[in-house]
Amino acid sequence: MEESDITAWLSDNLPQVVLLIGGLLAIAIAVSYVKGKDSWKYKVLTFIGLVFGVFMAYVAVVRYGEWRLVTSVFVAVAAFTLIIRPFREVHFAVIIGLMVMVLVYIWLGGLTEVSGYDVSFLAENPVRIVVAFILAGLVYGILNFGEEIVKLFGKILNWWPLLFVLGCVCIVEAAFMFLGYGSITDYIDTSGLILATE
């Protein structure tokens, strides 16, 4: 098989390959977590999952509209689950809030007028600190709310039994697509119709 043939095969079967690898990674992460969440194997698999999850998300965005909706949903959920796992305990809202505070403080230092109005008082230290703190607090509050929502879904999807099941679903979906059944949902619909007519 030539390189061009392999590339063409991968391009034609990209959703199946992505789902299969993502599913295998999810199962491997769940199993290694149960065996020892402090082990190097679990940490390495989590990192590989993060990298592959980013790739899955990229592919899902680039190929959006080319795949069936159910396939895109499976890829997106698996990608989100693999990406969020290492960051479940990281507080991005605090980090970004502090960055905003520093940037606003620096920006206000050189501000003298806006649309012809004198606002040089904002560059004075007590006012400058208060404004920077208030804006950082607003950014933090909004980001913290979003962060908590993401973490909630991340914790639910990364609960190891659910992660294991998600991995199995991805592998089964990939297998059905490789075998020409289309999707798990097609098989369920067909089975339901057969049962209903019997």
Side-chain angles (χ1 to χ4, degrees), residues 1-100 139 143-179 183-184:
M1 191 179 257
E2 293 181 16
E3 190 176 333
S4 59
D5 295 335
I6 295 169
T7 306
W9 183 87
L10 277 173
S11 180
D12 292 341
N13 297 288
L14 190 58
Q16 297 97 300
V17 172
V18 165
L19 280 168
L20 180 64
I21 296 171
L24 289 170
L25 275 169
I27 290 171
I29 289 168
V31 169
S32 65
Y33 176 83
V34 172
K35 287 185 175 179
K37 62 181 179 181
D38 295 322
S39 69
W40 65 268
K41 185 178 179 182
Y42 169 71
K43 290 173 183 172
V44 168
L45 283 169
T46 302
F47 176 74
I48 294 169
L50 166 66
V51 173
F52 193 74
V54 170
F55 174 73
M56 288 177 83
Y58 169 77
V59 168
V61 169
V62 170
R63 293 292 186 97
Y64 180 76
E66 296 178 27
W67 300 346
R68 299 181 56 183
L69 180 61
V70 67
T71 304
S72 296
V73 168
F74 282 138
V75 171
V77 170
F80 171 77
T81 305
L82 292 172
I83 291 168
I84 198 69
R85 188 166 191 87
F87 301 113
R88 289 175 300 165
E89 304 305 321
V90 178
H91 297 289
F92 288 105
V94 173
I95 296 166
I96 295 170
L98 285 171
M99 285 174 55
V100 166
V139 169
L143 290 177
N144 192 44
F145 178 67
E147 186 180 280
E148 291 304 316
I149 291 171
V150 169
K151 283 185 178 180
L152 174 66
F153 284 108
K155 283 184 179 179
I156 292 168
L157 291 171
N158 273 293
W159 181 47
W160 75 263
L162 200 55
L163 182 63
F164 185 85
V165 170
L166 177 64
C168 292
V169 168
C170 287
I171 291 170
V172 170
E173 175 75 4
F176 272 61
M177 292 171 74
F178 275 124
L179 294 171
S183 172
I184 296 170

Original post:
For residues 14-32, which residue pairs qualify under side-chain hydrogen bond (donor to acceptor under 3.5 Å, both in side chains), counting only residues two or more places apart or in two chains?
Top reply: Asn13-Gln16
Original post:
How about Leu19 and Met177: do any of their side-chain heavy atoms sit closer than 4.5 Å?
Top reply: yes
Original post:
With Leu25, which of Leu20, Ile48, Thr46 fulfils side chain to side chain contact (heavy atoms under 4.5 Å, CB included)?
Top reply: Ile48
Subject >> Contact check, side chains of Phe74 and Val18, non-hydrogen atoms, under 4.5 Å >> reply: no
Original post:
Is the cationic atom of Arg85 (NZ for Lys, CZ for Arg) positioned less than 6.0 Å from the six-membered ring centroid of Phe47 and within 45 degrees of its normal?
Top reply: no
Subject >> Distance in Å, Leu143 CG paired with Ile95 CD1, rounded so as to fall on 0.5 Å steps >> reply: 11.0 Å
**OP:** Output the distance between atom CG (Leu50) and atom CZ (Phe55), rounded to the nearest 0.5 Å.
**Re:** 14.0 Å
Original post:
Checking side chain to side chain contact (heavy atoms under 4.5 Å, CB included) for the pair Val54/Leu82: CA distance, chi angles, key distance, verdict?
Top reply: CA-CA 8 Å; Val54 170; Leu82 292 172; over 6 Å; no
Original post:
So do the side chains of Val59 and Val75 get within less than 4.5 Å of each other, counting heavy atoms only?
Top reply: no
Pairs of donor and acceptor atoms involving the side chains of residues 161-172, under 3.5 Å and at least two apart or interchain, shall be tabulated with distances.
none

Original post:
If you measure from OH on Tyr42 to OH on Tyr33, what distance do you get to the nearest 0.5 Å?
Top reply: 6.5 Å
